[in-house]
Every structure is written in structure tokens, then in C-alpha cells.
A.B. asks: 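The structure that follows is given in the form of C-alpha cells.
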There are 2 protein chains.
Amino acid sequence: MMRGTGKGTDTSKGTSKGKSKSKGSRRDEIVGIAMELADDQGLRAVSMRAIAERMGVTPMALYAHVDGKEGLLDELHGRVLGELPVLDRDLPWDEQLRAGARAVRASIRSHPGASLLIFERPAMGQTAIRVVEELYRVMLAAGVPAHDVARRERLFSTWLLGFAVSEGGGRFSPGRLSTRERRATAGGAALPVHEGLAEWLDRPVDWDAEFEADLEDMIALIRGAR
Amino acid sequence: MMRGTGKGTDTSKGTSKGKSKSKGSRRDEIVGIAMELADDQGLRAVSMRAIAERMGVTPMALYAHVDGKEGLLDELHGRVLGELPVLDRDLPWDEQLRAGARAVRASIRSHPGASLLIFERPAMGQTAIRVVEELYRVMLAAGVPAHDVARRERLFSTWLLGFAVSEGGGRFSPGRLSTRERRATAGGAALPVHEGLAEWLDRPVDWDAEFEADLEDMIALIRGAR
DNA sequence: ACCTGAACACCGTTCAAGT
DNA sequence: ACCTGAACACCGTTCAAGT
């Protein structure tokens, strides 16, 4: 396991734009409280003032440790994938891929609020880039030709992140509507295909099973790229 | 083409929770201005006060036509996929799927701000449910067994929406970092696989070509489900 | 039916000042 | 190095009142 995004490790105080500020422990505390707020009450409940109040400090005190609200959200974004297992390179590539995908899904499910940031920010953090490094390695191990590795990594990640964020963020809820509700929200229009499939559509979805089935499909797609 | 989500069509003043309010034209104007703000300045620039100011009216005047900020965002969400072509049923299923996917991508690209709402809200609007109806029909035409139609529709949609929202929302930008930048943001850690792939990773990405290639992969996956 | 005005409880962020 | 206090320009939403 590699835990966190590197507490004392990050000696560069200006990773890209300059203003990272302070050395770590106080900033980690701020980001930790922000993550708690996001986990418990959603991303919109994350405010400088609410964080400051929980720390027993003035809102302005935060600005010495964090690059404003936007910088704080960047930090939150970086931490969604902040605790991922290193993959066992002795396993077959597809087993490594399953393990990595399950870990990413679990991490996103435990931070549904912050995970919404994934689609509105570039995947540029330390952890994110290491995850991509691992995925590239697995793709090559699977026999994907070098010129196609980047696209297939993006295809796999897009599905994986899309699935997990949909689960936690709300796109997949409320599971499925009943046939009656569907008819109503369609404005009374006929939905003949829905009605023909009612037997299947009215069952509750087993999201764990769906994730595993999708995962096997995506693995088959990578296997076929050889 | 079916345009809009139904101006005078929506006679039910309470689709699910009661407070839709007013008959249409004024609400359409409000939502239109909100969409302009989201398109031009991002989702966070959408505020009741900014909309009211553009309309030359008091913020409170909006509450007669729209169910608060949250209701307004629901409306915006519903309109992202609000102008989609009806598919030509005489075409082969895979051609229908290509046409539908390209239309969805185009619609999301023209509303990148509002498209971020896709992953945090259930896909329950009128248009959304009609799109799903079309996708179900195409899946059946492709020979997907009835018990597997819903999962495969979600798998396809998750990729499609994930790709398009990533493009417009920022996950895919700034394209790819240079090898040097990658090394820096990884905290100085070695990225041997990245470096081995540098020849490919340092090229700019052709997103249109990538979308088409992914689309063919997803179609192959559906074809394989027979 | 549609809109206003005042008010309330919030935001993020600046600046100068304190220790 | 770290924090405060006052101030500024914003938010969404309530309520009672106007026409």
C-alpha cells in the first residue's frame, strides 16, 4: 500500500504554479476536514467557513495553508484515489487489472462527493499519474501494441470512473423506475421497448454483479487488442 | 428531430414532486438564460441573481416559474440531451448506434458546463428516457438477449457520457503532459513505462479519431453479446 | 398572475494589523 | 509563521406587501 499523496515527501513547494504553501500537517488537517464534510453532506457543504469553524479558527487562517477554495478542491480531487494498493506483478495481467479496478471503485464509493470532481479536472495529481503508469504497464503485459496503449487506458478508465461515479454520484439511482413511472416521466408517450422488457427492467439491479460483468467485457476488449 | 423537452406538451404540473409551476414560456426563458451562463462562464456562474439581472427583474420573481436553484439545475440537466435526432430505423443497428452516439457527444460538447450534472443526478427526464428507449431498441436489433439489454445499455452509456463529459469538463485536458512534466508531477518518482511509451505519449491526441475508435470497440462488444 | 423590497443567514476573499 | 477583525461583494430564500 502507498498511503496518502505524500505527507513529508513533497519537498517541492511549487509543483506547477507556485502557491502550495506550508509544509503539510496543518494542510492535511484542513483537507481531511473538507473530505469529511464532502463525504457526510456532499460537495456543496464544503466551505472555507464551515472548515474554519470545525477547526476553531477564523476562515482567513486557512489561506496560509491552502490555495483558496479552488486549491482546496484540487487537493480533494487528488485524494479520491489517494489510497490504492500496488498491484502484484507476479499475477497474470488480467488479475492485476481486476484488483486495480476494484480498488478504484471502492475508493470512489467511499468519497462520492469529492468523486464528482473527477470529470471537471485534469487527472494530473501524483497518485493519478502513478495509477496511469500501472495501467500502462498492465496493458503492455496484456499484449496491447505500444501505439494503442494510451487510448485503451483512457477507454478503460472512462468506463471505470464513469461507472463508479455514477454509482456514488446519483446517475444510477434510483436503480430503475417501474414501468408505470417510466410512462409518466416520458410525458405519456408510448415506450414499447421498455414495456417489452418489463420482466427484466423491474428487477432490482445487483451493482456488484454488474460491475464484475462489465469488467470482464472490458478485459475481453483489451485481450482482443493484441 | 424532436426539439426541446416539450414546451406546451407538459400538461402535468407535478411530474413527481408537485412544484413545477407556470405554464412554460417564461420558465423556458429562465432556463435558456441559465444555460447561456453555464455555456459561457461555467456551471458555478449560474446564480438566481445573475439570471434575474439579465432579465431585468428581481431574483424573487424567478421563484414563481422555477422550483428554486435545485429545480433550475434539474431543468438544465434535462436540457443537455434536449435536441437529439430520431434514429432512422431502416439503417442497420450499428449505423443507428453510431448516429445516436455522435449526436449525444455533440450535444454534450455544446453544453460542457451543464453536462457535469449528468453524473450527480438520475437520468429521469423525458428526453433521457426516450434516448434509453431508442438504445434498448437498437440493442435488441443487434441481437443482445433481453436479459442483458439493460446492462449493455448502461455500459455503452457510461462510456459515451464519460467520454463526452471528460472532453468538455476537463478530465481529458490538457491532452497529455510532456514526459518532463509527468516526472515532475509524480514527485520525482520514476515512471519507466511512461518513458518507454514517450514516442506515443508526446503526440497530440486526435479526439475525433479516438471517439470513433472507442465507438467501434463498444459496437464490437455489443455484437459479441449475441 | 406576476412582481417588489426588506431582511436573514449564508458565501469567498482583500487588506492591514496583531503576536 | 500563524492568526484575527473588519470590510467588500457576493449567494439562496423567507415573508409580507403591492398591482
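Chain identifiers are assigned alphabetically (A, B, ...) following the order of the sequence lines, protein sequences preceding nucleic acid strands; residue numbering begins at 1 within each chain.
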A.B. asks: Could you state the atom-to-atom distance from OH of B/Y63 to P of D/dC11 in whole Å?
C.D. replies: 12 Å
A.B. asks: Between C/dC3 and B/R26, is there an OP1 or OP2 to side-chain N/O distance shorter than 4.0 Å?
C.D. replies: yes
A.B. asks: With sequence neighbours left out, which residue pairs that include part of residues 112-126 of chain A fulfil the salt bridge (Lys or Arg N to Asp or Glu O under 4.0 Å) condition?
C.D. replies: A/E70-A/R121, A/D74-A/R121
A.B. asks: Could you list the residues that satisfy side-chain contact (heavy atoms from CB on, under 4.5 Å) with B/S115, not counting sequence neighbours?
C.D. replies: B/V80, B/I108, B/I118, B/V165
A.B. asks: Should we say atom CD of B/E53 is surrounded by more than 12 heavy atoms from elsewhere, each under 6.0 Å from it?
C.D. replies: no
A.B. asks: In whole angstroms, how far is the P atom of C/dT13 from the NE2 atom of A/H65?
C.D. replies: 16 Å
A.B. asks: Where does DNA chain C pair, written as one dot-bracket string 5' to 3', with Watson-Crick or G-U pairs under 3.5 Å, ( ) inside the strand, [ ] for crossing pairs and | for another strand?
C.D. replies: .|.|||||...|||||.|.
A.B. asks: I want to check one thing: is the phosphate of C/dT13, taken as OP1 and OP2, less than 4.0 Å away from some side-chain N or O of A/R49?
C.D. replies: no
A.B. asks: Taking atom C1' of D/dC11 as reference, at what distance in whole Å does atom NZ of B/K69 sit?
C.D. replies: 8 Å
A.B. asks: Got a sec, which pairs hit ring-ring contact (aromatic ring centres under 6.0 Å, His included) with one end in residues 102-130 of chain A, sequence neighbours left out?
C.D. replies: A/F119-B/F119
A.B. asks: If you define the side chain from C-beta out and look only at heavy atoms, does anything of B/E134 sit under 4.5 Å from B/L84?
C.D. replies: no
A.B. asks: B/L37 CG to D/dG12 P: how many Å, rounded?
C.D. replies: 11 Å
A.B. asks: Nearest-Å distance, CE (A/M48) to C1' (C/dC11)?
C.D. replies: 11 Å
A.B. asks: In residues 50-60 of chain A, which residues come under 4.0 Å of DNA chain C by heavy atom?
C.D. replies: A/M60
A.B. asks: Over 60° means perpendicular and under 30° means parallel, so tell me whether B/F172 and B/F163 are parallel, tilted or perpendicular.
C.D. replies: perpendicular
A.B. asks: When the nearest nucleotide of DNA chain D is assigned to B/E70 and to A/L62 on a heavy-atom basis, which residue is associated with the more 5' position?
C.D. replies: A/L62
A.B. asks: What is the separation between atom CG on B/L43 and atom P on D/dG12, rounded to the nearest whole Å?
C.D. replies: 12 Å
A.B. asks: Distance check needed: D/dC11 C1' versus B/Q41 CD, whole Å only.
C.D. replies: 15 Å
A.B. asks: Find out whether A/E29 and A/H65 are in side-chain contact, i.e. whether some heavy atom of one side chain is under 4.5 Å from a heavy atom of the other.
C.D. replies: no
A.B. asks: For residues 155-162 of chain B, which side-chain donor-acceptor pairs fall under 3.5 Å, sequence neighbours excluded?
C.D. replies:
from, atom 1, to, atom 2, distance (Å)
B/S157, OG, B/E153, O, 3.0
B/S157, OG, B/E153, OE2, 2.6
B/T158, OG1, A/R171, NH2, 2.7
B/T158, OG1, B/R154, O, 2.7
B/W159, NE1, B/D214, OD2, 3.3

A.B. asks: Run A/Y136 and B/L197 through side chain to side chain contact (heavy atoms under 4.5 Å, CB included) and show every step you take.
C.D. replies: CA-CA 9 Å; A/Y136 284 169; B/L197 292 168; 3.9 Å; yes
